[in-house]
Amino acid sequence: MITYNPKFSIGDNLENIKAALTGLPIDAAIIENSLNYEFSDTIIGINHQKIDIGLAIANMMNVPVVNLQTVKEIGLEKAVEQKAEYLKWHLDYYGEYSGKRNYGQEAMLTIGNGYFGLRGAYVESTANKDNYPGMYVAGVYNQLTTNINGRDVVNEDLVNLPNAQYISFGVDHQQPFTIKKEDIQDIYRSLNLKTGVLTTTLHIQLSTGHILEVRATKVANMTNWHRYSIKYELKPINFSGSLQLYSEIDGSVINGNVDRYKDFNQKHIDIVGMSAHDNQISLSGQTKTSKVDFVINSKLTSQTVDVQKLIDTTTENQMIRQSLSINVEPGQSYEFEKCVTIFTSQNSDDNLETAAQNELNDSSLEDTLADSKKFWGNVWNKSDIQIQNDITSQKLTRVNIYHMLVTSAALASGKLDSSVGARGLHGEAYRGHIFWDVTFDLPFYAIHYPAIAKQCLLYRYNRIGEARKYATSEDKQGAMYPWQSGMYGDEQSQFVHLNPVSGEWDPDNSRLQRHVSLSVAYDVINYVHITGDHDFMQKYGLEMLLSICKFWVSMADYDKSADRYDIRHVMGPDEFHEEYPNADDHGLTNNAYTNIMVSWLFDKVAGLVANQKAAVVDSANKKAGTDNELLDKMSDIAHKLRLDINEEGIIGQFSGYFNLSKLNFDSYRKKYGDISRIDRLLKGEGKSPDSYQVAKQADTLMAYYVLPFNEVQNVITRLGYELPANFFTTNLRFYLDRTTHGSTLSRIVYSVLDEMDGNMDQSWQLFSTALFSDYYDIQGGTTAEGIHLGVMGATLEIETKCYGGVRFDTDELSINPHLPSLWQKLSFKQTYQGINYKFEIAHHRLIITADKDTHVKVADKAYSISKNKPTEISYK
Ligand code: BGC
C-alpha cells in the first residue's frame, strides 16, 4: 500500500510512488479513494489539487490502475482487463495546461483526414499564447516576402485557414466564455483511437457563480473529406435563466503557431466574402500570392432547440458569427451540432460556393460519426500492430498509426497533388514543407495503403520540371529535388535561421542536403518493390530515376590522378556540418552516406533498366533527356566514388572529417544540461559545430538503416575498400559517442543499428524514447508546432521489420525476429506484392498465414506456406 502524502507536491508524490514500485513485479494498481467523475475513475483530489493518478502511474509504470469500487463490482481481473484495454485505445489528458505544453497536446489531439488537419484546440479558444486552433489543408501554401536586415526573405507557408470550429457560450448576455484557468474546475480530453472521436469535457464555475458542464465532441469525416462535425453540449448545473450560444468562422487568423517566425509576414489570406442564410454561414477568401480560393461553410442545428427561429447573424472585421439565446433549466442538457465544410479551388472544378453548399446540405454529425467509426475500424483491422504485455508501446503505436492517416488518408484518392509534410497537418514548424522524412513513412504506406504511397511519389513526379530547373540553376544536369518542398517544388529552405540561444540570424545552408534526391529515388524503388506496381515504374518511376541519376553523374568530379570521383558541396543528414571550418565555400566533399547511396542507386538503376522492355527504356530516356551512355558513366562512378576511411576502419562522415577537433561532451553537458542542439550552444559561444566531431543525427551509417547490410557491403567492396571484421561495432560506437540526437530522426536509426549489432538494451532505450518523443514532447516544445511524422512512421517500421524481423528488401520474405524482452507477442498484417500476410510472432515461435501459396525464410531456413493455412514455425 502506497499512501499519497498531501504535504508533498504532486511531482514529489509521483517520484515516491515510482521509487516504491520500481523493480516490484506489479501487474496493476488499485486506487482506494478516487473522486467520482464520468471521464475517469482514477482522479484523486488532495489539498485543492487534483490529479489523474491512474493515468500518471500507467504512464510511469506501464500498468493499468483501477478503482476499488470497480474492483468490488466486477472483480479484479475484469477491472484490470477493461482498464488495460481502455488505455491501449485512448490518448487522454487531464487538467488545464498552458503555453507550449497545451500547444503540444493540441497537436497530439489533431483530427483530420489528409485533406485537412484541425488541431485539437478547445472549440471555445482563439489563438493566443496558450491555445492555437490552427486548420490546414494539404497543399495550400502561400509565399510572402519579409525584409530582414535589409534583405528580402521569401517564405512559403502551409496556410492556417480561418477558424471555423469556434463555438462558445455566454450566461446572461455576458462576454462569451473563454478558456481561463480561474473558471475551469476540470478539463478532460480524450481521443478515442478506435473511432477517431475527440471529446473534451469542461467543468466550469464562472466568477458569477454559474456552474456548467460543457462537452465538445469533434470528428473528421474520413471519406467525404471536406467535412467535419462538432457536437456541443451545455448543461447548466446550478442556475436557470438565459444562456447564449455563439458559433463563428473567423478569417482574421494569421500563421502564428511558431514563435520564431514572428518577425516574418504571417497574414496569408484575404477574406473576400461573408454571407448567411437560415442556420448557415459562409466565409470565402483567397491566399494572397498563390491565389487559392477557399470557401468555408458551417451550419448550426439542434435536436433540443429551434435554432432556425432563434439565430441571429452578425459580421465584424473578418469574422462571421451566429448567436442565439435560450432559457435554460438546471440539470438539463442543451445539445447543438455544428457541421463545417471546406473547399478550395485546388481540388474542385465546380463553382466553389455551390460545391460547399451542396456538401453542407448533405453533412450531419451522425453521418460523420458513422463514417469515422467505419474508417478507423478498417484501419485497425488492416494495419494495427498488436503488442502483448506493453500498454505504453501499444497505445503510442496506435497514436502513431492514427497520425500517419490523419496526415494522409485523402491522398489515397489520387485527387490531391500533395504529399506528407515533416510535421503533418498538425502545426506550422518547417512551414508545412515536405522533406526526405517521407522515406521513413513510405514503407508503412506502401505496405498498407499503396495509393497513399503512390501519391507521395506522384507529388515528386509532378514537380520534376522544377527539379530540373533547380539542377540547371546550379550548373548541373538532370533533376535535383529541393531539400524543402512546398506547393511548386522549388527550393523552400531558408537562407537564414534564427538562433534562439544567441538571438542572431545565422546562415542556413541546409539546402545542400542533396541526398533528398537519393531519398526520392530510393522511395520509388522501395515502393515498386513492396507493391509490385510496375506500371508506376514504367510510367513515372524510370524517368524519375534516370533524371536523378543524371543529376548525380553531373555532381561527380573525376580526379584523374587517383582514378576516383568526388562529390562536392553537399551536406549529409547531419545538419551540424554545413562546410569546412573557416572555408569560403559551402558544403562538404564526399559525404559517405551520399556516396554510398549514389553507388547503390547507379547499380540498382542499371539492373532495372536491363530488365525493362526496350520501348519503355526509350520512352523514359526521351522524357529524362538521357541515353545509354549515361549507364556507362554511372557504372564507372559506381565503382570509383571516394570514401575516407581511417586506419581503424572508421568511415569518415566526409573527406577531412578526422581533422576536426573532438568535443568534450561531458563539460558541455555539465554546463548546459540538454546538449541535443549543441550547434546553437556552440554558435552562442562564438564557435561553430563545423569545427567539431559532433553530429545532430545519424549520417555516416544511414545507409545501413535504409538498405540490407549486404547491399551496403557490396557497395563498399565495389568501391575497392576493405573494412576490418569488427568495423560495424567500432563505427557504431564511434558515431553514437559523437551524436547528440538533435533530430527525432536520429534515435530511430541508431535503435535499428544497435539491434543489428546485438545491443538490444540500447536499441530498446533509443526506440522507446523515439516512440514517446511527441507524447512527452522530449524536445521541450517542438510538438507544439506539429507532430514529427518521420519518427512516427519509422517506429512502425522498426516494430515490424527490425523487432518483428519481417523484411522484404531482399529477394524473398525473410523473418528474423528479435522481440524486446518485455513484449510477449507481436501481431500484424502486411501486404507484399499482392500477397496478404498475417504474422504472430512470439519469442522462439511464430505463426504465418498468407492468402496465396508462398515461400519465406525464417532465421535463414526456407519454408513453404500454403494458402490460408496458418503455419507455425519455431526459431531460435
Ligand atoms: C532534421 C532533418 C529533417 C527535418 C524535418 C531536421 O531537424 O535534421 O533530417 O528532415 O528536421 O523533419
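Note that ligands are numbered from 1 as they come in the structure, with each ligand's atoms numbered from 1 the same way.
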**Asked** Between D754 and R733, is the closest basic N to carboxylate O distance under 4.0 Å?
**Response** yes
**Asked** If you measure only the distance, is there a donor-acceptor pair under 3.5 Å linking the side chains of N591 and D699?
**Response** yes
Please set out all donor-acceptor pairs under 3.5 angstrom arising from side-chain atoms of residues 446-457, sequence neighbours excluded.
{"from": "Y449", "atom 1": "OH", "to": "S383", "atom 2": "OG", "distance (Å)": "2.6"}
{"from": "Q455", "atom 1": "NE2", "to": "L416", "atom 2": "O", "distance (Å)": "2.9"}

**Request:** Determine whether the side chains of E799 and T397 contain a donor N or O and an acceptor N or O closer than 3.5 Å.
**Result:** yes
**Asked** In chain order, what residues pass the salt bridge (charged side-chain N to carboxylate O under 4.0 Å, His left out) check against K129, with sequence neighbours excluded?
**Response** none
**Complete:** Across all chains, not counting sequence neighbours, the side chain to side chain contact (heavy atoms under 4.5 Å, CB included) partners of N257 are Y103, R119, Y132, Y136, E428, E785
**Message:** At less than 4.0 angstrom from any atom of ligand 1, which residues have a non-hydrogen atom? List them by chain and residue number.
**Reply:** A422, Y430, F435, W436, D437, W483, E575, K696, Q697, S743, L745
